[in-house]
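Reading through the structure tokens given below for one structure.
Nothing here was measured: the structure is a model prediction, and the numbers come from that model. Both counts, for ligands and for their atoms, begin at 1 and track the order of listing.
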Amino acid sequence: MRIHAVQSGLVSVKTCQCYSKGHGAMRLVNTILDRNWTDPLPIYSWAIEHPEGIILIDTGETARTLEPGYFPWWHPYFQLSIKPCLQPEDEVNFRLRALGIEPNDVRWVILTHLHTDHIGGLHHFPNAEIIISRREYEQIGGWRGQLNGYLTHRWPKWLAPRLIEYEAKPIGPFSESFTLTKAGDVSLIPTQGHTEGHLSVLVQTDGVSLFFAGDASYSEQLMLEQIVDGVAQDEDKSRQTLKRILQYVQEFPTVYLPSHDPNAAQRLAKQTIVSV
Ligand SMILES: [Zn+2]
């Protein structure tokens, strides 16, 4: 099974979005008011050439975010706290073709959650089955959905996702999971907190777990330090999730792969196991 890191540009966020300050709503306030920016962080999707079909985990960002007015003018987070940096040729369709993968050949697109830098490239995959957790999809509506960063008006009109619910199939400390492949080697697990329905993808290969963590933590280090991010919708659930991930990596040899970790692609290439 060949597995690729697919980078669609970079994004800078406030330092407090990674190393949060305060609790509850103050985490977000402190993030927005923070004057310090992170170095540009990669935006990764992951392409898996699985015998049952090509799987893409997340779709990265769209270069349209650089157009004036792309983000809602009234939204303090989008206006003050995020600086995407990418060109049209950085979008996931170009990046996949450079790897010899035609976007139309992707069978499944799994979205860890529905933030703009994960769903931004979705319009390139009208032929794929789009997989989202039901819990995540239930959060997108109305004013609250917009406030929580779901830019539904930017999503492709054809989007009719397959909404998954977990089964009582425990994997390590995770009490539920959903098995995607017939071979049973690709599973989805609930890792809520960053968003209400956030999921991660576990791929079992050669005795090693590849843990595609989305934004469950922004980096391996932040997971090891058990630090909830500055925009997580649910602080307690995020903390629980980080604890479960840590238990998992203590129990099983795991390559841990968050979407914005500058070292994630290298860890995938070298199959670097988390050391705890
Ligand atoms: Zn996110």
Side-chain angles (χ1 to χ4, degrees), residues 5-20 27-28 30-32 34 37-38 40-46 56-62 65 70-72 75-86 92 109-122 130-133 135-140 144-152 154-155 161 188-201 211-220 222-223 227-235 237-239 241-242 245 256-262 264:
V6 183
Q7 185 180 348
S8 62
L10 297 159
V11 63
S12 295
V13 295
K14 300 291 185 67
T15 310
C16 282
Q17 185 168 337
C18 297
Y19 277 90
S20 62
R27 284 177 302 112
L28 183 57
N30 287 330
T31 297
I32 291 168
D34 188 1
W37 292 86
T38 64
L41 303 172
I43 303 171
Y44 283 124
S45 310
W46 311 92
L56 183 68
I57 302 170
D58 288 332
T59 64
E61 189 51 285
T62 168
T65 49
Y70 183 85
F71 290 130
H75 200 296
Y77 175 78
F78 287 116
Q79 293 303 327
L80 301 172
S81 308
I82 185 170
K83 285 187 204 162
C85 172
L86 75 161
V92 66
V109 171
I110 305 170
L111 296 171
T112 58
H113 64 301
L114 301 174
H115 282 160
T116 173
D117 52 331
H118 298 257
I119 196 173
L122 186 62
I130 315 300
I131 295 177
I132 301 172
S133 87
R135 183 87 189 113
E136 181 75 0
Y137 202 68
E138 283 170 354
Q139 308 303 314
I140 64 174
R144 195 181 164 81
Q146 293 272 307
L147 259 184
N148 281 336
Y150 298 123
L151 304 178
T152 51
R154 299 294 184 195
W155 299 353
L188 316 186
I189 48 171
T191 48
Q192 61 274 62
H194 178 73
T195 60
E196 276 294 328
H198 189 284
L199 64 78
S200 295
V201 182
F211 197 122
F212 297 95
D215 289 358
S217 73
Y218 291 128
S219 69
E220 181 174 294
L222 288 162
M223 181 277 290
I227 293 178
V228 173
D229 74 59
V231 299
Q233 279 169 25
D234 190 315
E235 190 175 356
K237 283 183 188 158
S238 179
R239 194 164 287 115
T241 287
L242 291 168
I245 296 173
Y256 185 66
L257 302 163
S259 303
H260 303 292
D261 186 327

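For Glu61, the side chain to side chain donor-acceptor pair (under 3.5 Å) partners are Thr116, not counting sequence neighbours.
Checked by atom type, the side-chain pair Thr38/Tyr218 shows no donor-acceptor distance below 3.5 Å. There is a side-chain donor-acceptor pair under 3.5 Å between Asp215 and His113.
Within the protein, the number of N, O or S atoms lying under 2.8 Å from the Zn ion (ligand 1) is 4.
Although no hydrogens or angles enter the test, the distance criterion places no donor-acceptor pair under 3.5 Å between the side chain of Asp58 and the main chain of Gly60. Distance alone, capped at 3.5 Å, places no donor-acceptor pair between the Glu196 side chain and the Gln192 backbone. A donor-acceptor distance shorter than 3.5 angstrom exists from the side chain of His75 to the backbone of Leu147, with no hydrogens or angles considered.
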